[in-house]
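Treat the numbers as computed from the prediction; the structure is a model and nothing was measured. All chains are named by letter (A, B, ...) in the order of the sequence lines, taking the proteins before the strands, and each is independently numbered beginning at 1.
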Amino acid sequence: MSGLKASFATRLGGFNLEAAFEGPGVGITALFGHSGSGKTTLLRCIAGLERAEGRLEVNGEVWQDRKVFLPVHRRALGYVFQESSLFPHLSVRRNLEFGWRRIARRERRVAFDQAVELLGIEPLLPRDPVSLSGGERQRVAIARALLTSPRLLLMDEPLSALDERSKQEILPYLERLHGELSLPVVYVSHSLTEVARLADYMVWMEQGRISAQGPLAEVLSRFDLEASEAEEAGVVIDTVVAEHDYPYHLTGLDSPWGRLWVKQINAAMGRRVRVRLPARDISIGLVPDRASSILNVWSARVGSVGDAAPGQVLVRLLQPDDEQAPPIIARITRRSADVLGLSEGRRVYARIKSVALM
Amino acid sequence: MDFDWTPVWLTLQLASATTLILLVVGTPIAWWLARTGSWLKQPIGAVVALPLVLPPTVLGFYLLLLLGPDGPVGELTRALGLGTLPFTFAGLVVASVFYSLPFVVQPLQNAFEALGERPLEVAATLRASPWDRFMTVAVPLARPGFLTAAVLGFAHTVGEFGVVLMIGGNIPGETRVLSVAIYDHVEMLEYGKAHALSAGMVGFAFVVLYLLYLANQRLGRRRS
């Protein structure tokens, strides 16, 4: 049985957590929610740092159920805390070795140099944690967790304590992890942008409960979740670099919806690129309207129309020729929706005004 | 002037033995006090702190009753063939352990409380067992606390008087420590000898505390 299966129920000082979810056996599962939604508590239950009633199975191994409770140090997990958690009394190298030396030689699946290289921390090894920047500390903390050869990696908002520049410095490393490690990762975040960039699977938490879970694109395209998210609403789709139009400085991406033109990017043909389509930057027309400056116009079918902010609606659009394609969402005014007569099944054209490359 | 070093050596022996025992006994007590959520925390904490407020003679009096030939502990030590503890060096050590207990437990408890949960949780996620994380994370991080505890425990034992008189008496080479020797010299109007010992004590106390503050400042600076 591969995959991650977790279900926990606990009361912590007036807060009720009752959550069950399943995540893929390889790849990043995002636990998303506002602060106070219980995502960190759930992560701590998974780690065994909170003692909750429940059950936890990691790729076929039971770590917790009614009869079993593996203490934290017997769970083969790596945990990256929100703030810097390096031991101040040990050098960076000794911090990295702390977990590594406690793993039997034959069970080490991550080599010391490999983790150091993956996170680019070679020059930091002899230094003291106090002398590192926030971003550097977090990279060391991630490498330290990986060096325990975890079968499950837990990350509690590893970027939230960092400034924008450090975030941008770490994100590429996180993406490399995603590409190079075959293990399940549970990643707690309250930033849709981060989740959209990194996650494969998404678990949406509200007030200690799980309100939606599933593949990232599917969950992001559900707009019944929280009206307050409407401002940030948007989906992500995975595309492949298909052609470069050098004279116009454009790159054409192949997506399940068809060709998507973006400002030229420096990527080889066939490279996977994830893009985010903010709902507020997609408008809807009844005719293709080639006589406009908008480059990307896709044929679509209206899936559903739902309320967003006052006077605004979110429209879920489906790819008319491909059931498997992830839906996209557009945010338009209620008035436009009425004027256009948008209702389920209506054939329309989606005009994409902007695309964010992740 | 022939100077009698015996009380000085005796005092150093007593303070060293007491400090060593207190670090071994006080550490688990401090650890428990720092981390327990039990209702027993406050009563036990109060008991540990008692010697801070009680006159040493009160403590010495009850220890005398307890350890004496008719006391429960005295009967036990006699049954074990150890004799009775009062008016012996061993008895002084036992009494000093009680008397100096808060001076060791409280700095340790403060240091352990200042650690917080996080470093220990981190160590647990890095596969360290409870004993392992105590030894490799809690103890090194609480090092300034250990230093303070050892110095205060040692210095406070050196300075005790009331308990020594009650439980140890005044036997040269066995229980006649510095503070008692000074008292004797003054009684016999040997002010010169009293001065030598007293001035030595003042200097000792100052140097020890000064070094302690220096060390803690250095440790503190490295950490922040």
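- B/Thr125 pairs in a side-chain contact (heavy atoms from CB on, under 4.5 Å) with only one of the listed residues (A/Val72, A/Thr148, A/Leu154), which is A/Val72.
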Applying side chain to side chain contact (heavy atoms under 4.5 Å, CB included) to A/His89 and B/Arg143, what does each step give before you reach the verdict? CA-CA 10 Å; A/His89 63 296; B/Arg143 211 165 58 187; over 6 Å; no
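- Under a cut-off of 6.0 angstrom, the local environment of CZ in B/Phe98 is sparse, with at most 12 non-hydrogen atoms contributed by other residues, nucleotides or ligands.
- No more than 12 heavy atoms of other residues, nucleotides or ligands lie within 6.0 Å of CZ in A/Arg74, so this atom counts as exposed by the packing criterion.
- Open room surrounds CZ on A/Arg165; 12 or fewer heavy atoms of other groups in view lie less than 6.0 Å from it.
- Of the listed residues A/Gly99, A/Gly48, A/Gly78, the one with more heavy-atom pairs under 4.5 angstrom with chain B than any other is A/Gly99.
- Counting heavy atoms from C-beta on, the side chains of A/Arg102 and B/Leu126 never come closer than 4.5 Å.
- Both the backbone and the side chain of A/Ala76 come within contact range of chain B, with heavy atoms under 4.5 Å apart.
- In terms of non-hydrogen atom pairs under 4.5 Å with chain A, the most contact-rich of B/Pro130, B/Pro119, B/Ser129 is B/Ser129.
- Taking the side chain as every heavy atom from C-beta outward, A/Tyr79 and B/Glu121 never approach each other to under 4.5 Å.
- In the displayed structure, A/His190 atom NE2 is contacted under 6.0 Å by at most 12 heavy atoms of other residues, nucleotides or ligands.
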Scan the side chains in residues 196-215 of chain B for donor-acceptor partners under 3.5 Å anywhere in the protein, sequence neighbours excluded, and list what turns up.
residue, atom, partner, partner atom, Å
B/Ser198, OG, B/Ala194, O, 2.8

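- Interface remark: A/Arg75 contributes backbone atoms only to the contact with chain B (heavy atom separation under 4.5 Å).
- Per-residue counts of heavy-atom pairs under 4.5 Å with chain B were compared for A/Pro129, A/Ser85, A/Ala47, A/Pro71; the largest is that of A/Ser85.
- The shortest distance between side-chain heavy atoms of B/Val122 and A/Arg144 falls below 4.5 Å.
- Only the side chain of A/Ile103 comes within less than 4.5 Å of a heavy atom in chain B; its backbone stays farther off.
- With a 6.0 Å radius and a threshold of 12 heavy atoms from other residues, nucleotides or ligands, B/Phe161 has its CZ atom above the threshold.
- Rounding to the nearest 0.5 angstrom, the gap separating the CZ atom in A/Phe98 from the OG1 atom in B/Thr136 is 3.5 Å.
- At most 12 heavy atoms of other shown residues, nucleotides or ligands fall within 6.0 angstrom of atom CD in A/Glu53.
- For the pair A/Leu77 and B/Arg127, the tightest heavy-atom approach, listed with the atom from each and the gap, is O-NH1, 2.9 Å.
- Within 6.0 Å of the CZ atom in A/Phe112, the count of heavy atoms belonging to other residues, nucleotides or ligands exceeds 12.
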